[in-house]
Each structure stands twice: as C-alpha cells, then as structure tokens.
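In what follows, a single structure is set out as structure tokens and then discussed.
For ligands, and for the atoms within them, numbers begin at 1 and follow the listed sequence. Computed from heavy atoms alone, side chains included, the values below leave out hydrogens, waters and symmetry copies.
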Amino acid sequence: MKFQSTRGKAPVVSGLQALINGLAPDGGLYVPQAFPKIDFDWDQLAKADYFQIGQLVLSTFFDEFSQAELADFLHEAYAQFDRPEIVKVHALDDKRQLLELFHGPTLAFKDMALSLLPYLLTAAVKKTGQKDALVILTATSGDTGGAALQGFSDVDQTQIVVYYPSVGVSALQRQQMTTTPGQNAHVVAVEGNFDDAQRVVKKLLADPDLAKQMQTAGLRFSSANSINIGRLVAQVIYYIYAYAQLLKSGRLKPGEKLDVTVPTGNFGDILAAYWAKKLGLPLGKLTVASNANHVLTDFFASGIYNAKRDFQVTTSPAMDILLSSNLERLLFDVAGAEKTRHWMTDLAEKQTFTVDDKTLDLLQQSFNAAFADADQTSQTIKETFRDHDYLLDPHTAVAVHANQQFTTQRQQLIVSTASPFKFAEIVLSALGQKPADDPAANLKQVAQIAKLPVPAAIADLFTKKVRFHEQLTIDQLGEDLKASLGL
Ligand SMILES: *Cc1c(COP(=O)(O)O)cnc(C)c1O
C-alpha cells in the first residue's frame, strides 16, 4: 500500500514513510493511493475483539508490519485502558448508542490513536533504517496534548513538543499537560487559540532552513496531530468494533445501515468513520456536530467554507477550531488533488473557499451537519441525566443535540469523545450546581452524581507538581523550539 498527498505535488511514499513524515512535503495530507476494501464476514466480526479488529484494519493500511508485530503494538498500546474491552457501547435507549471512547489514560478519545501511534512510529523508523531522533511537534486544543505526552513519554529517540492555547483549556487538561513526567517533553502555553498553534506547527514542519539545522543535529520532525495518517487509521478500528458489538447484541442485522454522529473539531474522528464506510462497513449518514464555531455546519449547507469569523471559546473547547485540517482529505476524495490544492490556497490566502455544486452535492449525500450553542449543550446534559440517568461530557452533548435534528428509521451511533470527569466544572454547571474552586472537589462531586468512582488515571492529578510554566507569543515559538532542541 502506497500513500499520496492530497495536493498531488509530492512523491508517493510507503506507509512507513507517511507515518514518519506526518505532513507531505507539498503541504498536503497523506491518503491511500488506492483505497482498500475489506470483505467483512459478519459472523466472524460479531465474535471479534478489539485487538483482532485492530489487526485487520492496521494490516489493511500498513502491510509492512507483520500480524504478530501489530498484535504486539495493540496489546501494549491499550494496556493502560480501564476496560478490558477498550471501548464500550452504551445503549441510551432502543435507538441511540453511545460509543464511549474515553477509557484511556487521559479520559478523551485522543488516547485511542495516540496510545498506538508511538508504537507504529518507532517501528517505522527502525524498519526504514533511519537514525535520526524524532521531534513530535503537536498543536492541541486541549486533549491531543495530554494524550500525546502520555503516549510518547520517555519513548526512545523521540522528543515531544506540545503547544496549547493559553485560554480555553480546562483546569484538568492544563494539569495533565504541565505535570507530565516525561523527560523528553517540552510544553508551552501559546498566547492565541488552537488555529494559531496549528498554523505555527504546520509552518515549522514545512520550514526548509529549520529542517536543515535539524538534519545536522540528527533530528527530524513528525506530527502527532490528526494530520498524521497513523491517527486516522487507528480511529477506523472503533467504528468497525462498534458495528460488531451491535451485531452481537442483535441491534443490527448483518449489512444493516448504521448512522453515525461525531462531535467534530479538526474533522479527524468523523473522517475515520467515512473511511470505515469506504472500506465496506455499512454506515448510513454521517452527522458532523459542531459547537458555536460552526464553520462546518455552514460549509455543508452552502459549500462556502468561511473561517473569517470570530473565534468562540466554548464549553466544548476541544472543538473550538475554525480550520479543520482533515476536511482536506474528504475534499480530495470527492474532488481530486487539483481542486483541493486550489481550495487550500484560497483558504490560506483569503480564509475562505467555495466548492462547486457537484462537490457540494456529493458531500451532502454522505453528511448531515448541525451545531449546538452553549445553552443547548448544557440543556442536553441536564435532560439526558434526568431522562436516562447518564452523564454526558459537553462534547458528547453537542453530538446528542445535533443527532436530534435529523430523523431516520436507522440505528444511531453517537460518538462519546470524553469522560464527564474531564470537564467536571461545565457538567456541574449544566446540572445547576455551583462548581467549587478546588478542581479535585469537583471530581468528587461528579463521582457522586454519576455514581461512578473518580477514574484512577486522574485520582491524584491535582497533587502533582507543575513542571512547565512557560507562556509565549506565536512569534517566540520558533526560537524557543530551537533553544529547547539545542539548535
Ligand atoms: C479532539 C476532540 C474532538 C474533535 O475531534 P476531531 O477529530 O478533531 O474532529 C471532540 N471531542 C473531544 C473531547 C476531543 O478531544
């Protein structure tokens, strides 16, 4: 299997090289050169566990790894999860299923891919015989940072650099990032929002002078953001696993279509659903759920992507994004490299682009889009708890609200991307309670309401020592990076 760039101006590379590169040299994202298909055996699928499905998916995209290697990576990666089955499908009622992806060490779905990525990446470096140490450059809206620091903590021959926005991240997210024990970590608060941080990362990744300096020092960049193909492929696994669980429980008949709703920011998670569908999984409509930063809702309605608007800091901060990177992979899929390149140039230069009617029509055939504002989000948390005795995190609440905007006869899978413990203050406010100043007390309060223990992964988080205090402007990041790498 080979990978090409969405902008069509970069060499075709192996899966191993695509993993290492992160971003293609023409600024595009890697996608399979010929999209694979899986001929699903429903009886077998219904019996398969997460690891078996993981092997099936990973070997389909990355044929350079042996089955034994992949089994090994998967078991190592998910050893820290607090459920043996890795993810849980929770029936909210007889038509709606929540796919809980938050049972990893940082309590958000980023753990699904970022626990696995270090294994894929270090093995790819070994297999290609490269000697350089990797510098994993990461922009985060709050959850990727913690998960990447966790996954790459003290991994041999790697440094991990995380830029998070100084406003918007929750107390718990900040504490997870700034107390990370890894000696290979560098964590900086950036004066700006996620889009600013992501733009700087893309610029640094593509800076030829910096690349030369790094090469001399025996270093090379890679990325833990969802622009990395390894993250996307790892995320395809759980859609197939969810389908398998619903076959097993009899909620779905073999081949029956399942609609999927995904709380969306950078468009990585929902693109993985689209890829699962392209692989042959019988998925119906995919619903893009956004918050008050509803660029995508507007785009799927009008064909106009307009990032020229005020950035809102919301109660679902991991989705506070105006430039959704992975949309580029979808555009490539429906319209090809030339148009994609053109649109991405427009976006960089004018902060907006407009697709043609045919493209819009194709997009609307596969996707619905809707958003929830802050009131609708907290209302959904409150009502879901009242009616179903289930506590949603605000990101998942956005998805539950968006899902309600569309009626179909099909079974609904709603992706639950974070634990309510991770956003305790927002959840408590939604329930009409006043959060305490002490974040640890709020965790206890959520535990009592949800009738669940405080997850072990965060039980002593607020007693840990903060190691990183740095806050920098966008313009200072390049120099700071060089200093931290000794360049
Ligand atoms: C990252 C994140 C999202 C958005 O996922 P994308 O792949 O960026 O679209 C949604 N919810 C939570 C909790 C997240 O951390």
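In terms of modelled atom types and a separation under 3.5 Å, the side chain of Asn326 and the main chain of Arg329 share no donor-acceptor contact. Ser115 contributes no side-chain N or O that, together with a main-chain N or O of Met112, makes up a donor-acceptor pair within less than 3.5 Å.
Protein heavy atom nearest atom 11 (N) of ligand 1, with residue, atom name and distance: Thr417 OG1, 2.8 Å. Closest protein heavy atom to atom 9 (O) of ligand 1: Gly265 N, 2.8 Å. Atom 10 (C) of ligand 1 has its closest protein heavy atom at Pro263 O, 3.5 Å. Among protein heavy atoms, the minimum distance from atom 7 (O) of ligand 1 is reached at Asp269 N, 2.9 Å.
On a distance-only criterion, Asp143 and ligand 1 share at least one N/O pair closer than 3.5 Å. In terms of polar-atom proximity, defined here as any N/O pair under 3.5 Å, Met319 makes no such contact with ligand 1. Ligand 1 has an N or O atom lying under 3.5 Å from an N or O atom of Asn266, backbone or side chain. Considering both main-chain and side-chain atoms, Lys110 comes within under 3.5 Å of ligand 1 through a nitrogen or oxygen pair. For a threshold of 3.5 Å applied to N or O pairs, the pair formed by Thr264 and ligand 1 contains no separation below that value. The distance criterion of under 3.5 Å between nitrogen or oxygen atoms is not met by Ala108 with respect to ligand 1.
No side-chain donor-acceptor contact under 3.5 Å links Lys277 and Ser366. Checked by atom type, the side-chain pair Thr106/Gln176 shows no donor-acceptor distance below 3.5 Å. For the 3.5 Å distance criterion, the side chains of Asn228 and Ser223 fail to qualify, holding no donor opposite an acceptor. Side chains of Gln173 and Asp143: a donor-acceptor N/O pair is present below 3.5 angstrom, by distance only. A donor-acceptor contact closer than 3.5 angstrom is absent between the side chains of Gln80 and Asp111. Looking only at atom types and distance, the side chain of Asn21 has a donor-acceptor partner in the side chain of Gln17 under 3.5 Å away.
Between the CG atom in Asn293 and the CZ atom in Arg309 there is a gap of 8.0 Å [rounded to 0.5 Å].
Counting heavy atoms under 4.0 Å from ligand 1, residue Phe267 touches it through the backbone alone.
Taking a 4.0 Å cut-off on heavy atoms, Ser226 fails to register as neighbouring ligand 1.
The residue among Phe423, Phe109, Phe102, Phe194 with a heavy atom at the shortest distance from atom 5 (O) of ligand 1 is Phe109.
Close approach of ligand 1 to Ala418 (heavy-atom distance below 4.0 Å) involves ligand atoms 13 (C). The distance from ligand 1 to the heavy atoms of Gly268 drops below 4.0 Å at these ligand atoms: 6 (P), 7 (O), 9 (O). For ligand 1 and Ala318, the ligand atoms under 4.0 Å from any heavy atom of the residue are 2 (C), 12 (C), 14 (C), 15 (O).
Salt bridge absent: Asp26 and Arg341 never bring a charged side-chain N and a carboxylate O closer than 4.0 Å.
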